[in-house]
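The next block holds one structure in the form of structure tokens; read it before the comments.
Numbers restart at 1 for each chain; the letters A, B, ... are given by sequence-line order, proteins then strands.
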2 protein chains.
Amino acid sequence: MKDVAQHAGVSTATVSRVLNGHAAPTPETRERVLAAIEELGYRPNALARSLRTTSTQTLGLVISDLLNPFFAEIARAVEDEARSHGYCVVIGNADESAEQEATYVRTLLDRRVDGLLLCPATDDPSLVREVSAGGVPLVLLDRTVRGATCPVVRADGSEALTALARRLVGAGHTRIGVIAGPPNTSTGRERTDVLTGALGGLAQVVHGDFRQESGSQAAARLIDDGATALVAMDNLMGLGALGEVRARGLQIPHDIAFAVFDDQPWFPLLDPPITVIAQPTVEMGKAAARSLLALIDGRQPDDVRLTAKLVLRGSLGEAEL
Amino acid sequence: MKDVAQHAGVSTATVSRVLNGHAAPTPETRERVLAAIEELGYRPNALARSLRTTSTQTLGLVISDLLNPFFAEIARAVEDEARSHGYCVVIGNADESAEQEATYVRTLLDRRVDGLLLCPATDDPSLVREVSAGGVPLVLLDRTVRGATCPVVRADGSEALTALARRLVGAGHTRIGVIAGPPNTSTGRERTDVLTGALGGLAQVVHGDFRQESGSQAAARLIDDGATALVAMDNLMGLGALGEVRARGLQIPHDIAFAVFDDQPWFPLLDPPITVIAQPTVEMGKAAARSLLALIDGRQPDDVRLTAKLVLRGSLGEAEL
DNA sequence: GAGCAGTAGTTAATCGATTACACATGTATC
DNA sequence: GATACATGTGTAATCGATTAACTACTGCTC
């Protein structure tokens, strides 16, 4: 910057004003400065700028698993929305581990992100409290924690799950296997509660960990126990469960009905196409980013609850008639 | 930091020394400083530290599309490897647009990442030159550019493609549709060249853009032109093409043989399971991160070429006998 | 022509860390 | 007892920007 100033025959203050569009420099000075910048190929040091202004124009996003297309889509949406407002997004991968999540959150805070989006790995509120205590704007995404005091953006699957339950019961299923998420996550618990509630006593629940492998194992147990229908509570466990169904040579929907919470582009390609509860992922990501930006702006955004929808495709068999 | 120093009755220099494990402070002073840090809940400002040390312990990764599971997996692997060496990764989404790619690269440079991993959207070397001119360590991943002067990490699919071609020809296919990547990407061009070369005059090539939609369109044209086999050059175009095949009610492999470059966890679940050329994505990501860290370390890593493998699963029909 | 307002630009403090150098103290050597 | 050397800590410059406070100049009014 000093070089640029010297080159243009002005002070660094003037260069800074040109750079930030401040209300001072003569058009003529402006030109000279811009020419010098161009000539020297100068680029301002964002670190120094941020140190001085205490604003990094960066949002932190900590998610459970980048490999989960659900989160990848969310990340993508957050990023799009943030960029359109001049913000960058730094993504942290917590790998469904509370410990790694905490590490990442702290790293992002140390780097002074202007705000944080968090998909909490567990519903333990201590990390959230820590962030809030630091005064950093925080929005929870997809999942919440006990006694959350910050805005939350999530999808509401109650209606869809109830509708799904009604169909399964109506079709005469009496042993319905539910491959649930971990009970210490809000989504894991709530989805399962709603579904099992709506199924009356017909549900058999096995908990997985939102990963593929746990899906196959849970499916194996449930099938062994005589389930005639399977509902997986997220797409990765759904993938695992499908693998198990295939491995056993069972036909969907003839031998077993099948549904998944979360849609994926390839579900329609299976034979039969898989019935799902689709979450508005892109909307969730965008809404969360908007809430966070509002918070950074000093406004107080409301919680956002978007609706997940049941999409019938055929894998439930007669339940879809 | 000043507060901590005051609290512990020492100077900021000593606090800094304790923080960085420097070879000076007395165990007793150390304790006092650590106690003060604990008590005040002090966390060092990474921006200030980076400004002073000119090291951010951060790598930049610019990829074409986070929603493409291939890149998501790479991102994940890069991140793992980087973290295990104490580095963070900032991911930028170029969306297959050269312009957005350039914007992102510059943003990352402005933030003074210690090094950059780039999956270039086109084979135009100007951006790479710009980065190199800035003296920032750079490694290319998956794709290269014309006359690249930096380390490149990629997968070599020649053998696999040749083997695939041999099988298709051997099975008597005479109109083989190739859904190719954009000709201005190194992977798009090379894979297509190898395959069409190996197919003699039997290939019909339609170029897509590595996205799902272009895959369906290309498939539609090729099927209209009488193709009896389809090979998609990446997983997203493969997904699109599969959709088109299904939409037309064609049976794989009876009506049409099908193969995709890139594996996906759900390919084995289709009926029949899809034959693919699998790239060692995790290895690619890790290798790239390692190369970049070596470069940052002042060493000169060699290019890395990993081998992609043909995985036969049944979607080629008699070509697999 | 003195006084005042307005404009363009400079000087220097500041953000929060790191680190070269200086200094004080204690120990070993002759 | 003087000299040398090691050790632990403090002082202050520095990284590269922003910006409040100040100065210099121009032009206008009375």
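When side chains are defined from C-beta on, A:V90 counts as touching A:L108, because their heavy atoms get closer than 4.5 Å. Residues B:L19 and B:I37 have side chains in contact (heavy-atom distance under 4.5 Å, counting atoms from C-beta outward).
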Start with the C-alpha distance between B:D123 and B:R146, add both sets of side-chain angles, then the distance that settles salt bridge (Lys or Arg N to Asp or Glu O under 4.0 Å), and finish with yes or no.
CA-CA 6 Å; B:D123 57 4; B:R146 294 192 305 271; 3.3 Å; yes
Set out, in order, the CA-CA distance, both residues' side-chain angles and the distance that settles side-chain contact (heavy atoms from CB on, under 4.5 Å) for A:H7 and A:D3, then state yes or no.
CA-CA 6 Å; A:H7 216 79; A:D3 294 348; 6.0 Å; no
Going through the checks in order, is the salt bridge (Lys or Arg N to Asp or Glu O under 4.0 Å) test met by A:D110 and A:R106?
CA-CA 6 Å; A:D110 287 352; A:R106 295 202 187 99; over 6 Å; no
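Within residues 29-42 of chain A, the residues having any heavy atom closer than 4.0 Å to DNA chain D are, in order of number, A:Y42.
Remark: side-chain polar atoms of A:D95 are not paired, donor with acceptor, to backbone N or O of A:S97 under 3.5 angstrom. Of the possible polar contacts, one joining the B:T185 side chain to the B:G188 backbone as a donor-acceptor pair under 3.5 Å is found.
Considering only residues two or more places apart in sequence or on other chains, A:D209 meets the side-chain hydrogen bond (donor to acceptor under 3.5 Å, both in side chains) condition with A:S214. Residues meeting the side-chain contact (heavy atoms from CB on, under 4.5 Å) test with B:S64, sequence neighbours left out: B:F71, B:E96, B:C119, B:R143.
Separating the NZ atom of B:K2 from the C1' atom of C:dT18 is a distance of 15 Å, rounded to the nearest angstrom. Taking atom CG on A:L19 and atom C1' on C:dG9, their separation rounds to 16 Å, with Å as the unit. With rounding to whole Å, A:E28 atom CD is found 14 Å from C:dT7 atom C1'.
Within 4.0 Å (heavy atoms only), A:V15 reaches no atom of the nucleic acid at all.
Positionally, the nearest nucleotide of DNA chain D for B:P27 lies more toward the 5' end than for the other of B:R112 and B:P27.
A nucleotide of DNA chain D counts as in contact with chain A when one of its atoms lies under 4.0 Å from a heavy atom; the first and last such, 5' to 3', are D:dG16 to D:dA21.
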Nucleotide-resolved protein contact map, nucleotides 19-27 of chain C, B/S/- at heavy-atom distance under 4.0 Å
BB-------
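Comparing the end axes of the helix from C:dG1-D:dC30 to C:dC30-D:dG1, each fitted to five base pairs by superposing C1' atoms of four pairs onto the next four, gives an inter-axis angle of 60° (nearest 10 degrees).
When all heavy atoms of B:P280 and B:L306 are compared, the pair lying nearest together is CG-CB, 3.6 Å. Annotation for B:D65 and B:N93: closest pair CA-ND2, 4.0 Å, computed over non-hydrogen atoms.
For the 3.5 Å distance criterion, the side chains of A:R111 and B:T58 qualify, holding a donor opposite an acceptor.
Ion pairing between A:R154 and A:D142 fails under the 4.0 Å rule for side-chain N and carboxylate O.
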